[in-house]
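Notes follow once the structure below has been shown.
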Amino acid sequence: MSDARHDDDTLLRGLVDGTLDADGHQRLQHRLRTDAALRRDCRELLQIHALLRWRAGRATGALPVLTVRPPTMRSTFRRWTMAAAALLLLGLGLGVWQATTRPAAGVLVHVLAAEGVEADQALTVTRSVRLERLTVRTGLVRLALPDEITVDIIAPATVAFLAPMHLQVSSGQVTAEVGERGHGFRIDTPTAQVVDLGTRFGVAVDAQGRSDVVVFKGTVEVRSAQAGADEVPQRLIGGEALRMAAGRPGEPLQQIVVDALNRRWSTATTPGSALVGTVRDNRAILKERRFYEVVPGGMRAGAQAYTAGRGFWHACAGMDFPAFLIGSDAVRTFGPFHQDLDLAITLTLAAPARVYVLMDASIVPPDWLARDFQRTGAQVRRDNVYYRPTAKPNLVPPWTIFDVWMRQVPHAGPVVLGPPLSAAAAHPGAMYGIAVGP
Amino acid sequence: MNPSTPSPPDTSRPDEAFVRHLTDSQSRLYAFIVSLLGHADPAQDLLQETNVALWRKADTFDATRPFLPWAMGFARLQVLAWRRGQAGSRLVYDDDLFELMATDMEQPPATPAWELEALEVCLARLRPEQRQLLDRCYGRDEAVQDVAQDLGRSISGLSVTLHRLRRALLDCVRARVALEHQP
């Protein structure tokens, strides 16, 4: 390889790795402008890089009708094995759900926490116990399973421990956090099979047997419990949720209520919030599966800004976090909505309240905000998820500044918030945040 | 003060053919976005927004014409909008180079676009330890420095190895695609 080609290759390597310094960046741009073959190499190397990420499930296409699943050799094999298993079970006259209720040998778990717990078995914190089945009548139990799996079981719940990597939830709510070694961890419910691909997710089964599957971080695959051989699993990523009911396709869930520590959550309509009733937007027609998180009393410095954990609210440099925001209900929106010119979010308030919108200070406020809200003069800032302190060149600044706008709403009922930018905006800003206080 | 009125939702549903086109093009659109950005960071979000835009404009698609170039136009707009939001920050491509890269990709390709199936075949030809290395760095999202430390290798050395693997896959995919489209 000639020196010139070697230099080009080094520059391309730095680009794909994200390690190119400022000088290398300038040289690469110069070379790309003048060399069509190098441009082809550049884009096709990036495309190979992208397809490797796609194949590994690091990106997915979530479409209104179904989820596109990267067709990999491994996934094809898994589909064949599951299809074969389904055919065998059908041949025996058994459904997948029934087949998994055979008695299990039990799993050795370590009790990490037991808060206000009444259960059918003795659970002592820091002790291990072998469980085949656990019914928790009150409280929260946190268990460590083998292979870097932690589960929170929130009462009332009944869980069967079929294998170290396989639980069955008959009723109630379970949240799982799965580390590297736990890939493939599976939770069955009466209406769904959820397979973890490296994530934090939860399932909740209600009295009617419907299963809510909520992904907070990472990726899971979901199939109906009555899945046929041809059913392609749906893949959910962080910030997405589905409700699975027998004989029906999964339906999106637009709203999850969580506590400030992200430990307890509910898909019921704001059982803990006195102010925010419901949160809905006009993107539901697209059958999006992203959800809003309502955090009663959760707004404070360090609060999570968006669902799927992207960015946190902080006080601006040299200033205190606005006191009037602290303790208000936080509504976590979704960062990627920041370019949606047609977005409309409807908050239904349960009582008179003050609605706060945290709007990117770098853009002209959209018309609906300037018309219906007042600028408070307070500001907060949010860390930028794409900021890389060591990246060269640095693509994004570390912080985005937000102005706090307020509207006094004298009655319970709907409040509509519009798009995060005007049609005439020179460029989009960050997605706005929402808080509701007394 | 009156609340603003949202746009009435579009209740029409694209037909099955459109859905099939959209589904089949996801990996290509993602790869297109990454190559326009010069990196992968916001590509997932931009793909989602592209899908929303395509879904909303489905009734404007001319089914007698190829789907992918039309869809790429929407993806390009999403990337452009994202670039505008980065004003004041340094982008991988300046505006002129971006237009050049985007134009290159939207012309009819000399060779057909990448296929995941070709990539699978080429991956199968790698040695097991090479596939394992790619699996660690892509499938498990381990940082190159962590993998290097674990393997007892230098970061630069491992980076060179990964680049050579990507190069090898690129050459293999090009050869395979060319072979499949010989007259």
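Chain A is the first sequence line, chain B the second, and so forth, proteins listed ahead of strands; every chain is numbered from 1.
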Next on the checklist: Taking every non-hydrogen pair under 4.5 Å, which of A/D360, A/D41, A/L12 racks up the most with chain B?
Outcome noted: A/D41

Item to check | Contact summary for A/A50 and B/Y30, nearest pair of heavy atoms | outcome: O-CE2, 3.4 Å

Checklist entry - So do the side chains of A/V16 and B/H163 get within less than 4.5 Å of each other, counting heavy atoms only? => result no

Checklist outcome for this item: Max heavy-atom pairs within cutoff under 4.5 Å with chain A, candidates B/V160, B/L162, B/I33, B/D96, goes to B/V160

Checklist entry - Can any side-chain N or O of A/Q29 pair as donor or acceptor with the backbone N or O of B/D94 at less than 3.5 Å? => result yes

Checklist entry - Could you give the distance from CD (A/E240) to CD (B/Q48), rounded to the nearest 0.5 Å? => result 6.5 Å

Item to check | Heavy-atom closest pair, residues B/R166 and A/D17 | outcome: NH2-OD1, 3.1 Å

Checklist outcome for this item: Of B/T50, B/L37, B/L123, the largest count of non-hydrogen pairs under 4.5 angstrom with chain A goes to B/L123

Checklist entry - Would you say A/L51 and B/L169 make side-chain contact, with heavy atoms under 4.5 Å? => result no

Item to check | Contact origin within B/S25 toward chain A - heavy atom pairs under 4.5 Å | outcome: neither

Checklist entry - Is A/W54 close to B/V34 at the side-chain level, that is, under 4.5 Å between some pair of heavy atoms? => result no

Item to check | Close side-chain approach of B/V173 and A/E44, heavy atoms under 4.5 Å | outcome: no

Next on the checklist: Counting neighbours of CD on B/E99 that are heavy atoms of other residues, nucleotides or ligands and sit closer than 6.0 Å, is the number greater than 12?
Outcome noted: yes

Checklist entry - Nearest 0.5 Å, what's the CZ-CD distance between A/R53 and B/Q44? => result 8.5 Å

Checklist outcome for this item: Between A/Q47 and B/S35, the two heavy atoms sitting closest are NE2-OG, 3.6 Å

Next on the checklist: What's the separation between atom CG in A/L46 and atom CG in B/L36, rounded to the nearest 0.5 Å?
Outcome noted: 9.5 Å

Next on the checklist: Among A/I345, A/L28, A/I363, A/L45, which residue has the highest count of heavy-atom pairs closer than 4.5 Å to chain B?
Outcome noted: A/L45

Checklist entry - Distance from B/L100 atom CG to A/T34 atom OG1, nearest 0.5 Å? => result 10.0 Å

